[in-house]
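Single-structure report; data block below.
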Amino acid sequence: MSIYDLTREELENFFVEHGDKTFRANQVFKWIYEKRILNYDEVTDIKKETIELLKQELPIKRVKLIKVERDKDVNKYLFELEDMEHIEAVLMKHDYGNSICVSSQVGCNMGCKFCESGRRKKVRNLKSGEIVSQVLEVEKDIKTRISHVVMMGIGEPFDNYEEIIKFIKTINDPKGLAIGSRHITVSTSGIIPKIKEFSNLDLQVNLAISLHAPNDSLRSSIMPINKAYPLKDLMKEIKKYLEKTNRRVTFEYVLLKNINDTDECAKELANLIKGINCYVNLIPYNETENIEYERSNMFQIMKFYDILKKENINVTIRKEFGSQISAACGQLRSKKEVQ
Ligand code: SAH
Ligand code: SF4
């Protein structure tokens with residue numbers, strides 16, 4: 001357990017359980033998230049016994065930064081966890097601010113065929129504090145605030161639901177990291193029951209769905225999760241989410257050469273999502289050493305884009321970050337492991 005694992009509300013409960021007042025949580029949050037202390041001895045306005053209690057029960061423990069690769073507009077961070085597992089985060093410098101992509105699990109059980117992270121089965125979920133401290137360590141490194149957070153690193157966030165919700169609450173908390181909910185995005189491969197729960201929370205954060213195929217047979221062949229939660233049910237749940245939240249959903253679509261990038265796929269995709277308040281993010285595939293899929297060529301990517309545009313679908317092609325330093329999902333970790 002670390003102090004970063006607790007939302008402010010949970011910390012309030014902790015103090016009440018220990019015969020103290022709820023406002024103590026505000027005081028502690030100020031030291032932890034505003035002053036960013038790394039040692040409780042720096043605290044000046046809380047009595048000694050309480051500090052001892054915090055040291056014992058809720059130590060200030062972060063993930064350990066062990067390597068950074070830097071490029072022009074992207075940094076890639078490798079972290080070591082207490083049990084010596086490794087995870088990564090990627091910082092992207094946009095003109096609108098700094099955006100971080102964080103990991104939510106060690107490995108991933110969804111087994112998407114094109115994904116490096118999915119090649120390794122889930123070892124364990126990250127605690128919310130291990131996700132929060134990825135953001136803190138990157139901010140410490142760049143000495144600047146991060147304005148946007150995407151949960152698109154290693155892992156399936158909705159397979160670690162409780163902890164990622166706590167993470168979102170802490171980074172969104174005005175007394176925590178104060179990152180606006182509209183600047184936070186959760187990406188999921190489509191775990192329907194969790195999309196439902198998420199809609200009911202009314203958190204106002206963005207939801208992105210990894211679609212990657214316009215029909216069940218193709219989607220099941222590259223994303224095994226589709227067998228459990230097929231497209232028809234997934235689209236139904238997304239429509240409910242949109243009705244309930246009045247928001248827009250993002251569909252991510254990785255373009256794999258000759259697999260899901262044909263003109264027919266583009267037309268079928270347009271039909272599937274017509275009338276849904278969404279936008280489509282086309283992602284040029286980052287090729288990896290261990291997987292045979294290839295990136296579509298630029299001509300086909302543009303053609304795919306044009307077909308969707310003509311059908312009046314909001315579509316963008318993802319700006320490319322970090323293919324030089326292999327900043328695609330899971331690549332740094334797997335490189336570390338073969339060293
Ligand atoms: N598990 C969640 C979030 C992490 S993956 C999900 O699947 O949505 C984040 C995104 O990166 C997903 O859309 C995923 O399909 C995509 N991705 C995985 N490997 C990739 C690669 N090699 N190149 C480009 N995008 C990739
Ligand atoms: Fe897991 Fe997402 Fe990779 Fe699929 S794409 S294996 S869900 S991390």
Side-chain angles (χ1 to χ4, degrees), residues 74 76 87-90 92 99-126 131 134 149-161 163-164 167-168 184-192 194-195 198 205-213 218-229 234 238 249-257 259-261 279-296 301 316-335:
V74 56
K76 179 144 182 162
I87 50 156
E88 64 197 41
V90 180
M92 292 157 287
S99 160
I100 186 177
C101 171
V102 292
S103 293
S104 58
Q105 298 179 315
V106 180
C108 178
N109 270 349
M110 303 303 127
C112 303
K113 297 283 193 309
F114 49 83
C115 175
E116 191 68 37
S117 305
R119 287 180 63 243
R120 186 168 181 222
K121 282 253 168 269
K122 176 172 92 174
V123 177
R124 68 171 176 93
N125 287 327
L126 294 189
I131 318 178
Q134 292 172 48
V149 174
V150 297
M151 309 202 69
M152 293 185 187
I154 304 166
E156 165 53 52
F158 280 176
D159 185 37
N160 184 14
Y161 189 75
E163 296 297 317
I164 68 111
F167 164 70
I168 291 171
I184 303 170
T185 302
V186 181
S187 174
T188 178
S189 56
I191 300 182
I192 293 178
K194 297 298 169 195
I195 298 176
F198 189 70
V205 308
N206 306 308
L207 179 64
I209 306 282
S210 292
L211 201 57
H212 307 326
L218 184 54
R219 194 164 190 267
S220 295
S221 74
I222 55 176
M223 298 179 72
I225 182 77
N226 191 70
K227 291 173 200 153
Y229 303 119
L234 179 60
I238 290 168
V249 71
T250 300
F251 288 118
E252 293 158 275
Y253 197 104
V254 146
L255 287 160
L256 306 166
K257 189 176 181 179
I259 305 282
N260 65 356
D261 69 343
Y279 87 93
V280 175
N281 204 195
L282 297 177
I283 310 172
Y285 181 58
N286 261 316
E287 292 179 7
T288 89
E289 281 161 32
N290 309 305
I291 300 175
E292 301 234 311
Y293 292 119
E294 288 170 56
R295 162 188 297 228
S296 308
I301 294 179
T316 53
I317 299 172
R318 177 171 298 172
K319 179 172 182 247
E320 284 220 60
F321 277 106
S323 39
Q324 293 304 316
I325 57 169
S326 53
C329 206
Q331 284 177 18
L332 186 67
R333 199 215 73 238
S334 80
K335 265 196 191 160

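Whatever order the structure lists ligands and atoms in, that order sets their numbers, starting from 1. Along the sequence shown, the residues carry numbers beginning at 1. Please read all numbers here as calculations on a predicted model, not as lab measurements.
For atom 3 (Fe) of ligand 2, the set of nearby N, O or S atoms under 2.8 Å includes none belonging to Cys112.
The residue among Ser210, Ala208, Ser117 with a heavy atom at the shortest distance from atom 8 (O) of ligand 1 is Ser210. Among His212, Glu156, Met152, the residue whose heavy atom sits closest to atom 14 (C) of ligand 1 is His212.
With salt bridges taken as basic N to acidic carboxylate O contacts below 4.0 Å, one links Arg318 and Glu252.
Listed by number with element, the atoms of ligand 1 under 4.0 angstrom from any heavy atom of Ser189 are 6 (C), 8 (O). Below 4.0 Å from some heavy atom of Val254 lie the following atoms of ligand 1, by number and element: 24 (C), 25 (N), 26 (C). Here is the list of ligand 1 atoms found below 4.0 Å of a heavy atom in Gly155: 1 (N), 2 (C), 3 (C), 4 (C). Listed by number with element, the atoms of ligand 1 under 4.0 Å from a non-hydrogen atom of Met151 are 3 (C). Short contacts between ligand 2 and Gly155, defined as distances under 4.0 Å to a heavy atom of the residue, involve ligand atoms 8 (S). Residue Gly153 has at least one heavy-atom neighbour below 4.0 Å for each of these atoms of ligand 1: 4 (C). When each atom of ligand 2 is checked for a heavy atom of Ser189 under 4.0 Å away, the hits are 7 (S). Listed by number with element, the atoms of ligand 2 under 4.0 angstrom from any heavy atom of Met110 are 1 (Fe), 7 (S). Of all atoms in ligand 2, listed by their number and element, those nearer than 4.0 Å to a heavy atom of Cys108 are 1 (Fe), 6 (S), 7 (S), 8 (S).
Summarising the geometry, atom CD1 belonging to Ile154 is positioned 9.5 Å from atom SG belonging to Cys101; distances are rounded to the nearest 0.5 Å. Note: Glu292 CD to Ile259 CD1 = 10.5 Å, rounded to the nearest 0.5 Å.
Residue contacts with ligand 1, taken as heavy atom pairs separated by less than 4.0 Å, involve Glu252 solely via side-chain atoms from C-beta onward. When non-hydrogen atoms are compared, ligand 1 lies under 4.0 Å from the backbone of Asn286 as well as from its side chain. Looking at Glu116 against ligand 1, nothing comes within 4.0 Å, counting heavy atoms. At a 4.0 Å heavy-atom cut-off, ligand 1 touches Thr188 through the backbone alone.
For the pair Tyr253 (side chain) and Asn260 (backbone), a donor-acceptor distance under 3.5 Å is present. Proximity of a side-chain donor or acceptor of Ser117 to a complementary backbone N or O of Cys108 within less than 3.5 Å is not detected.
In this structure, the ring of His212 has its center no less than 6.0 angstrom from the ring center of Phe251.
The ring-ring contact (aromatic ring centres under 6.0 Å, His included) search around Tyr229 returns none, not counting sequence neighbours.
For the residue pair Asn290 / Glu116, a side-chain donor-acceptor distance below 3.5 Å is found, with atom types taken as modelled.
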query = Under the side chain to side chain donor-acceptor pair (under 3.5 Å) criterion, do Asn125 and Gln105 qualify, and how do the steps go?
reply = CA-CA 4 Å; Asn125 287 327; Gln105 298 179 315; 2.9 Å; yes
ask   = Under the side chain to side chain donor-acceptor pair (under 3.5 Å) criterion, do Asn281 and Thr316 qualify, and how do the steps go?
value = CA-CA 5 Å; Asn281 204 195; Thr316 53; 3.1 Å; yes
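Not one N or O of Pro157 is nearer than 3.5 Å to an N or O of ligand 1, by distance alone.
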